[in-house]
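What follows is a short report on a single structure.
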Amino acid sequence: MKITDVETFVFDNRRALVKISTDEGISGWGEPVLENWVRTVEAAVLRMREHLIGADPRNITRLWNVLARAGFYRGGAVISSALAGIDHALWDIKGRALGVPVHELLGGATRDRVRVYAHGGGEERAGDPTRVAALVAQGFTMIKVAPPGPRAHLDTSAAVHAFVDDLTELRALVGPGVDLAVDAHGRFSVPNAARVLPLLEPLLLAFVEEPLRPEHTARIGDIVRATSIPIATGERLYSRAEFVPVLESGVAIVQPDPAHAGGITECFRIATQAEIFDAVIAPHCPLGPVALAACLQLDLAVPNVLAQEYTIDLTPGTGDHDILVDASPLRPVDGFVERLTGPGLGIEIDEDAVRARVAHGPLAPCSPVWAQPDGSFAEW
């Protein structure tokens, strides 16, 4: 089997796909996306194309090493995201060629279904009670919210207590049977996290995610030691090497993104690495259905999984729904997605819908730029 073509399809600054075709008529799909930098990632995929044409797609690890290392410069968000999308497609091809889902190729299923969690908002306050109640009614047993922003280096007493009050209200709303988590989105400083997180301990949060910006990863151990709340991080880390210090610092949960951190191949290794430190994974996935399918295949294959982030909208007429031939394999039931049984990534892509959706020209940004009250930059 030989690769005959590598095509990219950009929809917007948060959605793009790659299709890898072969001379045996088997194709694979991947999602090479880096939010706000999609055109840049597309260029990296097309640069990698020259190493793929004519190669056997079943030699995934061999190709992964070439794409990750043969350009001399390596790593980082752009290269790792381009590599991730290609990796998805290569695993998709291999699974389809053998007639099995990817998790079977990774050692078989470790679970029958994957617990998923949804986002409960966080623009004006920490979580929208109406949305959170609706998610609980839909069957979700874990919900994540974000603090409203921007946050100061040291929040005022009023801001701290408003945040604590919001979360206390949500805990009362959902009761003790639903897990609540907080995505700090890198908005806290070390002293602010040390001030705020102990006040949240009575709520028994499932975790607090990314309390610090990734450039301050060396300080995350200080946060771990300052609170009993499990600390999670990793959506802006891209390799096994980058996860070593956070695991050594004692984080409870790592959150590699299989669309950013080198694909299924690298994230499987990160999950295995985390297991040594008694840590679990909760893969980051704010993207589309192909990225989600890749995450679910990983979740099914490794034993140390907490839950899977779930953000896609499968309402008929939406983009995520309409590029799928059948959306049912990805629909959660009572807070779980059942084990994917189809070959490859376990989903079927409607290629005509993909081609009809391609965007041309400049893409609008997919995240805001925030400022502090004095006009200085604020972390979103």
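The first residue in the sequence is number 1, and the count goes up from there. Because only heavy atoms are used, hydrogens play no part in the values below, and waters and symmetry mates are left out as well, while side chains stay in.
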Is there a donor-acceptor pair closer than 3.5 Å between any side-chain N or O of [X] and the backbone N or O of [Y]?
X	Y	answer
Gln308	Pro283	yes
Arg225	Ser249	no
Arg240	Arg269	no
Glu235	Asp257	no
Arg187	Trp380	yes
Arg111	Val302	yes
Asp155	Val160	no
His88	Glu31	yes
Thr110	Leu300	yes
Glu7	Lys19	no

Check: Is the Tyr310 ring parallel, tilted or perpendicular to the Phe140 ring (thresholds 30°, 60°)?
Finding: tilted
Notebook entry, point to check: Taking only residues at least two apart or on different chains, which pairs with a member in residues 285-309 satisfy salt bridge (charged side-chain N to carboxylate O under 4.0 Å, His left out)?
Noted result: Lys144-Glu309
Run the salt-bridge test on [X] and [Y] with the 4.0 Å N-O cut-off and return the result as yes or no.
X	Y	value
Arg96	Glu24	no
Arg15	Asp12	no
Asp334	Arg113	no
Arg236	Glu379	yes

Partner of [X] by side-chain contact (heavy atoms from CB on, under 4.5 Å), out of [options]:
X	options	result
Glu210	Ile231, Thr233, Ile220	Thr233
Met48	Val6, Leu83, Val66	Leu83
Val208	Leu197, Val196, Ile223, Ile253	Leu197

Next item on the list: Could you tell me which non-hydrogen atom of Gly85 sits nearest to which non-hydrogen atom of Val18, and how far apart they are?
Entry: O-CG1, 3.5 Å
Notebook entry, point to check: If you look at every heavy atom in Phe163 and Pro147, which pair is closest and at what distance?
Noted result: CE1-CB, 3.6 Å
Note to self: If you apply the rule side-chain contact (heavy atoms from CB on, under 4.5 Å), what do you find for Val178 with Val132, and how did you get there?
What the structure shows: CA-CA 11 Å; Val178 174; Val132 169; over 6 Å; no
Evaluate whether atom [atom1] of [X] has more than 12 neighbouring non-hydrogen atoms of other residues, nucleotides or ligands under 6.0 angstrom away.
X	atom1	value
Arg62	CZ	no
Glu124	CD	no
Tyr73	OH	no
Arg219	CZ	no
Glu50	CD	yes
Arg74	CZ	yes

Check: Are Glu201 and Thr227 close enough that a side-chain donor and a side-chain acceptor fall under 3.5 Å?
Finding: yes
Check: For Thr318 and Asp320, does a side-chain donor sit closer than 3.5 Å to a side-chain acceptor?
Finding: no
Gap between atom [atom2] of [Y] and atom [atom1] of [X] - 0.5 Å precision:
X	Y	atom1	atom2	value
Ile143	Leu135	CD1	CG	5.0 Å
Thr265	Ile86	OG1	CD1	11.5 Å
Arg151	Phe188	CZ	CZ	5.5 Å
Asp326	His321	CG	NE2	8.0 Å
Leu306	Arg115	CG	CZ	6.5 Å
His284	Glu209	NE2	CD	6.5 Å

Checklist line | ring-ring contact (aromatic ring centres under 6.0 Å, His included) partners for Trp29, two or more places apart | finding: Phe9
Note to self: Using the rule given for side-chain contact (heavy atoms from CB on, under 4.5 Å), can you reason through His153 versus Asn192, listing the C-alpha separation, both sets of side-chain angles and the distance that settles it, and then say yes or no?
What the structure shows: CA-CA 6 Å; His153 185 76; Asn192 206 35; over 6 Å; no
Note to self: Does Ile264 form a side-chain contact (heavy atoms from CB on, under 4.5 Å) with Leu345? I'd like the steps, not just the answer.
What the structure shows: CA-CA 11 Å; Ile264 295 168; Leu345 293 179; 4.0 Å; yes
Note to self: Using side chain to side chain donor-acceptor pair (under 3.5 Å), reason through Ser80 and His260 one step at a time and then give a plain yes or no.
What the structure shows: CA-CA 6 Å; Ser80 296; His260 297 331; over 6 Å; no
Next item on the list: Take Leu237 and Val254 through the test side-chain contact (heavy atoms from CB on, under 4.5 Å) and record every step on the way to the result.
Entry: CA-CA 10 Å; Leu237 304 177; Val254 291; over 6 Å; no
